[in-house]
Protein chains: 2
Amino acid sequence: MTHPLLPMAGEPAPERADAARNREAILAAALHLVRTRGVGCVTMDTVAAEAGVGKGTLFRRFESREGLMAAVLNESETAWQASVISGPPPLGPGAPPLERLLAFGHSRLRTNVTHAALIKAATGTSAARSRAAASFAVMHVRHLLGELGVGGDLLLLAIAVLAPLDVVVVEQQQADDISLERIEAGWDDLVRRVVGG
Amino acid sequence: MTHPLLPMAGEPAPERADAARNREAILAAALHLVRTRGVGCVTMDTVAAEAGVGKGTLFRRFESREGLMAAVLNESETAWQASVISGPPPLGPGAPPLERLLAFGHSRLRTNVTHAALIKAATGTSAARSRAAASFAVMHVRHLLGELGVGGDLLLLAIAVLAPLDVVVVEQQQADDISLERIEAGWDDLVRRVVGG
DNA sequence: AGGCTAAACGGACCACGGTCCGCTTCTATT
DNA sequence: AATAGAAGCGGACCGTGGTCCGTTTAGCCT
């Protein structure tokens, strides 16, 4: 008796062909429905129907509604991350650190506003995927703060600088009739104070 | 033919006796259940049953589950606000502004951690009641920043300073094994940079 | 007291997220 | 090609938040 596929710990387990096909179909269906109807009107049953699969399949591939939305969001998010890592300055590398930091904040702010609904749908309890996105931003800001010669607990400082850009914080401000320009200016001010300009 | 209660605009409309009684009963039941079972295990049906009213009554008095939780939270929140406004220093008046500000942050941080579950249940889309609570904090910080002679857009600065204390931000940090002491120290650092120490 | 009206009540009902488990299909092995 | 068994599938089912509307009741007026 031989072990057909002796399961060594840590093996990623390959994906079956039909599973991959379904994952594609689901993601495509979700993306389409989100684009046409808006996030709020997309139910799991609808996505399942549109993708031509059972509901159970949705929940096996993507853990929850939140997980599915996170996967949809990922499409645009990775593109954004790429432009931060290797795009043109001042967002990408090549500009002085302070300029990069400010550009980063502005870009993040705009992104959060435009994708607000989707981000909120993808962020919540747990949210493994969005954890990664947030982590990327923190790492980047921490790095830029370091380049700027800021001392102290850079991780905490990065988190603090990022916090006011959070979707719900920004939405609250917009609800209070605070313009985007003012929010942006306020954040610039905060950053300058933190880096000690 | 006389208008029994001619409805002038802005009249608050008095509350019927049974309505008041039910409101009390619901709030008491909710508070009790939250205390004994924890927020997550309290369903609207359960509260309705415990209070001896129909489910519809719950939703008429308190707009949603979120609204009910906000009402429950209010009990402790108002007490906290009172201690900020008129309690002993350094949280209350009497201490120098910077000390007050730091004390305020620490107190808010602790409160957010201890009541995390309830606050998250009470905060979300809409959340008229929690809007007020957040507003109070912003106003207070804005005031203290003013006393400290900080220039610029104080409202935005206050929001920015408060943002890192938000429940979900703090929980995320705790999930990353960052201790409360470190969070507190990080926040102190942020504040000192903002006020220009 | 009796009657009238608006407010309040309550529980049947609905939609949606999430689970479960018996059935199907893929793939590795011979 | 046949086979075994794991991986995947799907849709009936459940709990919960939220709505709706026929019925009840409090409060005022005579």
Side-chain angles (χ1 to χ4, degrees), chain A residues 1-7 11-26 29-30 33-34 37-71 120-122 124-127, chain B residues 1-7 11-26 29-30 33-34 37-72 120-127:
Chain A
M1 175 232 209
T2 64
H3 285 190
L5 240 172
L6 84 158
E11 276 300 317
E15 190 179 36
R16 236 167 68 171
D18 53 346
R21 231 178 307 123
N22 278 337
R23 129 120 91 268
E24 289 293 317
I26 292 169
L33 287 173
V34 165
R37 301 196 193 178
V39 189
C41 296
V42 176
T43 77
M44 296 303 262
D45 295 83
T46 314
V47 175
E50 172 104 0
V53 303
K55 211 210 290 208
T57 305
L58 255 69
F59 283 93
R60 189 156 349 85
R61 291 271 88 92
F62 312 90
E63 186 125 320
S64 57
R65 183 192 146 92
E66 200 178 301
L68 177 57
M69 293 311 174
K120 280 202 300 184
T125 51
S126 74
Chain B
M1 178 232 207
T2 64
H3 285 192
L5 241 172
L6 85 156
E11 275 299 319
E15 190 179 35
R16 237 167 67 173
D18 54 347
R21 229 180 308 124
N22 278 337
R23 130 119 90 271
E24 289 292 318
I26 293 168
L33 287 172
V34 165
R37 300 196 194 179
V39 188
C41 297
V42 175
T43 77
M44 294 304 261
D45 295 83
T46 314
V47 174
E50 172 104 1
V53 302
K55 212 212 285 209
T57 305
L58 255 69
F59 283 93
R60 193 162 339 90
R61 292 269 86 86
F62 312 89
E63 185 123 322
S64 57
R65 183 193 147 92
E66 201 179 300
L68 177 57
M69 292 312 174
V72 170
K120 280 203 299 184
T123 309
T125 52
S126 75

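For the numbers below, each heavy atom of this structure counts, side chains included, while hydrogens, waters and symmetry mates do not.
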Can you name the residues that form a salt bridge (Lys or Arg N to Asp or Glu O under 4.0 Å) with A:R16, not counting sequence neighbours? A:D18

Considering all heavy atoms, the nearest [X]-[Y] contact:
X      : Y     : value
A:K55  : A:D45 : CE-OD2, 3.3 Å
B:A122 : B:M69 : CB-C, 3.7 Å
B:F62  : B:I26 : CE1-CG2, 3.5 Å

To the nearest Å, how far apart are [X] [atom1] and [N] [atom2]?
X     : N      : atom1 : atom2 : answer
B:E66 : D:dT16 : CD    : P     : 18 Å
A:I26 : D:dG8  : CD1   : C1'   : 11 Å
A:R23 : D:dG8  : CZ    : P     : 10 Å

Could you check B:R61 against B:N22 for side-chain contact (heavy atoms from CB on, under 4.5 Å), going step by step and ending with a plain yes or no? CA-CA 9 Å; B:R61 292 269 86 86; B:N22 278 337; 5.6 Å; no

With a cut-off of 6.0 Å (strictly less than), are more than 12 heavy atoms of other residues, nucleotides or ligands near CD of B:E63? no

Between [X] and [N], is there a side-chain N or O to OP1/OP2 distance below 4.0 Å?
X     : N     : result
B:R60 : C:dA7 : no
B:N22 : C:dA8 : no
B:T57 : C:dA8 : no

Kindly indicate whether the side chain of A:K120, heavy atoms from C-beta on, has any atom under 4.5 Å from the side chain of A:V39. no

Sub-3.5 Å pairs of nitrogen or oxygen atoms, protein against nucleotides 13-17 of chain C:
residue	atom	partner	partner atom	Å
C:dG17	OP1	A:R65	NH1	3.2
C:dG17	OP2	A:M44	N	2.9
C:dG17	N7	A:K55	NZ	3.3

Any side-chain to backbone donor/acceptor pair from B:R65 onto B:A121? Under 3.5 Å, distance only. no

Polar atom pairs between nucleotides 24-27 of chain D and protein, under 3.5 Å, N or O only, would you list them?
residue	atom	partner	partner atom	Å
D:dG27	OP1	B:A17	N	3.0

